[in-house]
Amino acid sequence: HKNGLNPSKIKADVKDIVNIITPEQIGDLTNLFQLYHSGMNEFGTKLENLDAEFHTRLDYNPIHHMESRMKDVTSLYNKMNKKDISFTTDAIKKNIFDLAGIRVVTNYIDDIEAIESSLLKQDDVTLIRRKDYVNNPKESGYRSLHLILTVPVFQSDGPYEIPVEIQIRTVGMDMWASLEHKLKYKTNSNPELVKQYSNDLIGYAEELTQIEQNMQIIHKNIR
Ligand code: GTP
Ligand code: MG
């Protein structure tokens, strides 16, 4: 998960995209990105360690794979504009909780809760926001557990509490979300067909839930 941050790219992007910005502001923003990137690494390590513990104790890995990403400057800028917030480090800290994000893809449905509770038990982790689209799917059929958690990042001048968005979902939920996302952002296709497919996908989300529940039972019984 430790894909490095490229500070010169962030500086260049900020210069290109945001109009009125001083060298000092560019420096502050780059530091902020670095800080959030470190927060993402802290959670990446926590999650890898938890998976390793499950593997050692139970000969079983709850995590299928993980993806971490920093929001790029363009989408950050667009999000701030949409919310009508000025592009400052203070405003980002107050309003943006998905600058750093980790998607945890689990093997089974119960793993979602297992990962969540293992993280929440840790003394240095604080829950800021929780959206449970697993038990309350979106109208689209989207399922996933979204958490905003903070972790202290120790810089040379002390600790900073950094929020990271952690999305936890099963392989089935992830497969569904990837296809539905592609469908949503295909602007050049026939709207009638998109409507039909969206409708089909609502049904498939339910079928996938059934299948994943049934497969989990088999997995439990043979362990
Ligand atoms: P923003 O992050 O500002 O958009 O609002 P929010 O935090 O209220 O959003 P939410 O918790 O609904 O979800 C944010 C992320 O979840 C999105 O960036 C997507 O990755 C994912 N997501 C949410 N709803 C859907 C959906 O219907 N389909 C798919 N494929 N992904 C979704
Ligand atoms: Mg969000």
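First listed ligand is number 1; within each ligand, the first listed atom is number 1. Worth knowing before you read on, the calculation uses all heavy atoms, side chains too, and leaves out hydrogens, waters and symmetry mates.
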Discussion item. Within the structure, is a non-hydrogen atom of E139 found at a distance of less than 4.0 Å from ligand 1?
Written reply: no

Discussion item. If you count heavy atoms of other groups shown closer than 6.0 angstrom to CD of E161, is the number above 12?
Written reply: yes

Can I get a per-line list of side-chain donor-acceptor pairs under 3.5 Å for residues 177-184, giving both atom names and the distance, sequence neighbours left out?
from	atom 1	to	atom 2	distance (Å)
S178	OG	D174	O	2.9

Discussion item. If you measure every N or O of K83 against every N or O of ligand 1, does any of those distances drop under 3.5 Å?
Written reply: no

Discussion item. Pairs of nitrogen or oxygen atoms closer than 3.5 Å, one from S140 and one from ligand 1: do any exist?
Written reply: yes

Item to complete: Within a distance under 4.0 Å of any heavy atom of K184, pick out the atoms of ligand 1 and give their elements.
Response: 26 (C), 27 (O), 28 (N)

Worksheet item: Is ligand 1 under 4.0 Å from a heavy atom in the side chain of H181, in the backbone, in both, or in neither?
Response: both

Discussion item. At less than 4.0 angstrom from any non-hydrogen atom of A177, what atoms of ligand 1 do you find?
Written reply: 30 (N)

Practice prompt. Indicate, as side chain, backbone, both or neither, the part of R169 found under 4.0 angstrom from ligand 1 when only non-hydrogen atoms are considered.
Written response: neither

Worksheet entry | ligand 1 contact by R103, heavy-atom criterion under 4.0 angstrom | yes

Discussion item. For H219, is the NE2 atom crowded, meaning more than 12 foreign heavy atoms sit under 6.0 Å from it?
Written reply: yes

Item to complete: State if F97 counts as touching ligand 1 under the rule of any non-hydrogen atom under 4.0 Å.
Response: no

Worksheet item: Any non-hydrogen atom of R129 lying under 4.0 Å from ligand 1?
Response: yes

Response to the item:
Taking only non-hydrogen atoms of D98 and a 4.0 Å limit, the atoms of ligand 1 in range are 2 (O)

Discussion item. Using side-chain heavy atoms (C-beta onward) and a distance below 4.5 Å, is I10 in contact with H37?
Written reply: no

Worksheet entry | Whether W176 and Y142 hold their rings parallel, tilted or perpendicular, with breakpoints at 30° and 60° | tilted

Fill in: Q196/D200 under side-chain hydrogen bond (donor to acceptor under 3.5 Å, both in side chains): CA gap, chis, key distance, verdict
CA-CA 6 Å; Q196 176 62 54; D200 292 345; 2.9 Å; yes

Item to complete: Can you establish whether the number of heavy atoms outside D123 located under 6.0 Å from its atom CG is more than 12?
Response: no

Item to complete: Please identify each residue that fulfils side chain to side chain contact (heavy atoms under 4.5 Å, CB included) with E192, with sequence neighbours left out.
Response: N190

Fill in: Under 4.0 Å to a heavy atom of K79 - the qualifying atoms of ligand 1, by number
1 (P), 2 (O), 3 (O)

